[in-house]
Amino acid sequence: MIRKLPTPDDHGLWDEVKRTIAPLKTNFHKDKTRPEKFTASKMLASSSHSSAQDNLYGFMPKPTARYAVPPLANFDRRLAQRLARGQLEPEARLDLHGDGVETARMKLLHFLSSQHQQGTRLVLVITGKGASPFSGHTLHGVKHFHAPEREGRLRRELTNWLHEEIFRLHVIGYQPSHPRHGGGGAFYVRLRRPAGQENGRDF
């Protein structure tokens with residue numbers, strides 16, 4: 001396709017068109033209109049409104065600080081001695097003897113959580129002594145009951161469970177019980193104070 005070059009008549013027509021064009025009065029490069037200033041109060045109001053709407057629709061949930069669960073601790077000397085002598089009576093007890101491992105774990109967690117919320121401080125958890133040749137031994141001592149040959153399955157699993165974070169939310173520590181409470185087949189478990197009862201009773 002051959003492009004047609006403009007003729008003198010075309011140039012004359014264009015000159016006539018240019019004479020009819022009037023320039024715009026608005027100067028885009030020197031516009032005196034300034035954007036609205038954002039004061040501190042306006043920014044806070046805008047932020048609060050945005051945050052409220054975001055939370056309303058679930059787009060930006062507020063981050064929550066993760067609670068650091070402390071590790072288990074030994075009982076203080078006075079409490080440990082009183083427990084070893086059988087001088088304290090547990091406020092509640094749970095018997096896991098004969099339960100399967102998974103059932104026992106769920107029952108234990110529910111029991112400790114419930115007792116913790118109720119403000120209970122000392123509970124007894126019965127696991128059974130196991131079927132080892134030494135399970136009928138009645139000697140009592142904190143270290144004696146940690147001998148591997150004396151450990152039944154639930155007894156061993158319970159001490160592992162109590163060190164898990166989900167259990168440490170409720171538990172401060174544990175100790176083998178006195179013979180009159182089950183000896184090697186049971187544990188005293190001390191629970192934390194529930195929130196808002198920091199000044200409650202203690203042993």
Side-chain angles (χ1 to χ4, degrees), residues 61-132 134-135 137 139-203:
K62 291 184 178 180
T64 55
R66 193 172 187 276
Y67 174 68
V69 184
L72 297 184
N74 295 327
F75 295 162
D76 63 77
R77 182 178 178 182
R78 180 171 177 272
L79 176 59
Q81 287 179 344
R82 294 182 67 189
L83 290 172
R85 294 168 184 166
Q87 296 175 344
L88 292 175
E89 193 67 28
E91 301 168 77
R93 63 183 62 206
L94 173 67
D95 190 351
L96 300 175
H97 187 254
D99 288 335
V101 174
E102 292 302 322
T103 300
R105 186 180 185 279
M106 292 178 62
K107 286 174 64 175
L108 177 65
L109 182 57
H110 180 269
F111 172 74
L112 296 178
S113 173
S114 175
Q115 294 299 322
H116 177 209
Q117 293 176 9
Q118 294 177 40
T120 304
R121 298 306 311 283
L122 183 68
V123 300
L124 180 72
V125 179
I126 303 169
T127 61
K129 298 179 181 180
S132 74
F134 304 97
S135 62
H137 206 289
L139 291 178
H140 180 67
V142 174
K143 294 183 180 179
H144 176 73
F145 287 112
H146 288 291
E149 65 272 13
R150 293 184 54 82
E151 295 182 354
R153 177 73 184 277
L154 285 184
R155 185 179 188 282
R156 181 175 63 254
E157 292 293 345
L158 181 133
T159 58
N160 293 331
W161 294 335
L162 293 181
H163 283 276
E164 295 178 12
E165 184 178 38
I166 194 171
F167 283 90
R168 298 199 321 267
L169 285 169
H170 314 293
V171 176
I172 294 176
Y174 63 91
Q175 178 174 311
S177 70
H178 185 272
R180 75 187 186 90
H181 289 141
F187 286 89
Y188 298 122
V189 179
R190 192 182 188 198
L191 304 181
R192 303 184 186 281
R193 292 192 183 95
Q197 295 186 16
E198 288 76 9
N199 297 321
R201 57 192 170 81
D202 208 340
F203 297 103

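Predicted model, so just to flag it, every value in this text is computed and none were measured.
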side-chain contact (heavy atoms from CB on, under 4.5 Å), that's the test. Do Arg93 and His181 meet it? Break it down for me. CA-CA 10 Å; Arg93 63 183 62 206; His181 289 141; 4.2 Å; yes

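No donor-acceptor contact under 3.5 angstrom links the side chains of Tyr188 and His178, judged on distance only.
Taking CE of Met106 as the start and CD of Glu102 as the end, the distance is 8.5 Å to the nearest 0.5 Å. A distance of 4.5 Å separates CD1 of Ile126 from CG of Asp95, quoted to the nearest 0.5 Å. A distance of 15.0 Å separates CZ of Arg82 from CZ of Arg77, quoted to the nearest 0.5 Å. Within the model, atoms CZ of Arg193 and OG1 of Thr120 stand 13.5 Å from one another, a figure rounded to the nearest 0.5 Å. Atom NE2 in His170 sits 9.0 Å away from atom CG in Leu191 (nearest 0.5 Å).
The two residues Val123 and Pro90 come nearest to each other via the heavy atoms C-CB, 4.0 Å. Between Gly182 and Ser177, the shortest heavy-atom distance links the atoms C-OG, 3.7 Å. Scanning both residues, Ala104 and Leu96, for their nearest heavy atoms gives O-CD2, 3.9 Å.
Counting only heavy atoms from C-beta outward, the side chains of Leu122 and Leu83 approach each other to under 4.5 Å. Taking 4.5 Å as the limit, every side-chain heavy atom of Leu112 sits out of range of all side-chain heavy atoms of Leu169. Leu108 has its side chain within reach of Leu158: a pair of non-hydrogen atoms, C-beta onward, lies under 4.5 Å apart.
The 12-atom threshold is not exceeded at CG of Asn74, counting heavy atoms of other residues, nucleotides or ligands nearer than 6.0 Å. The number of heavy atoms from other shown groups lying within 6.0 Å of NE2 (His163) is above 12.
When atom types are taken as modelled, the side chain of Arg155 and the backbone of Gly128 share no donor-acceptor pair closer than 3.5 angstrom. Remark: side-chain polar atoms of Gln175 are paired, donor with acceptor, to backbone N or O of Ala80 under 3.5 angstrom.
With sequence neighbours excluded, no residue forms a side chain to side chain donor-acceptor pair (under 3.5 Å) with Thr103. Contacts of Ile172 classified as side chain to side chain contact (heavy atoms under 4.5 Å, CB included), with partners at least two apart in sequence or in another chain: Arg121, Arg190, Arg192. Contacts of Arg180 classified as salt bridge (charged side-chain N to carboxylate O under 4.0 Å, His left out), with partners at least two apart in sequence or in another chain: Glu89. For Glu164, the side chain to side chain contact (heavy atoms under 4.5 Å, CB included) criterion is met by Arg105, Trp161, Ile166, Phe167, not counting sequence neighbours. Remark: Ser114 pairs with Gln118 by the side chain to side chain contact (heavy atoms under 4.5 Å, CB included) rule, at least two apart or across chains.
Sequence neighbours left out, not one pair with a member in residues 168-177 passes salt bridge (Lys or Arg N to Asp or Glu O under 4.0 Å).
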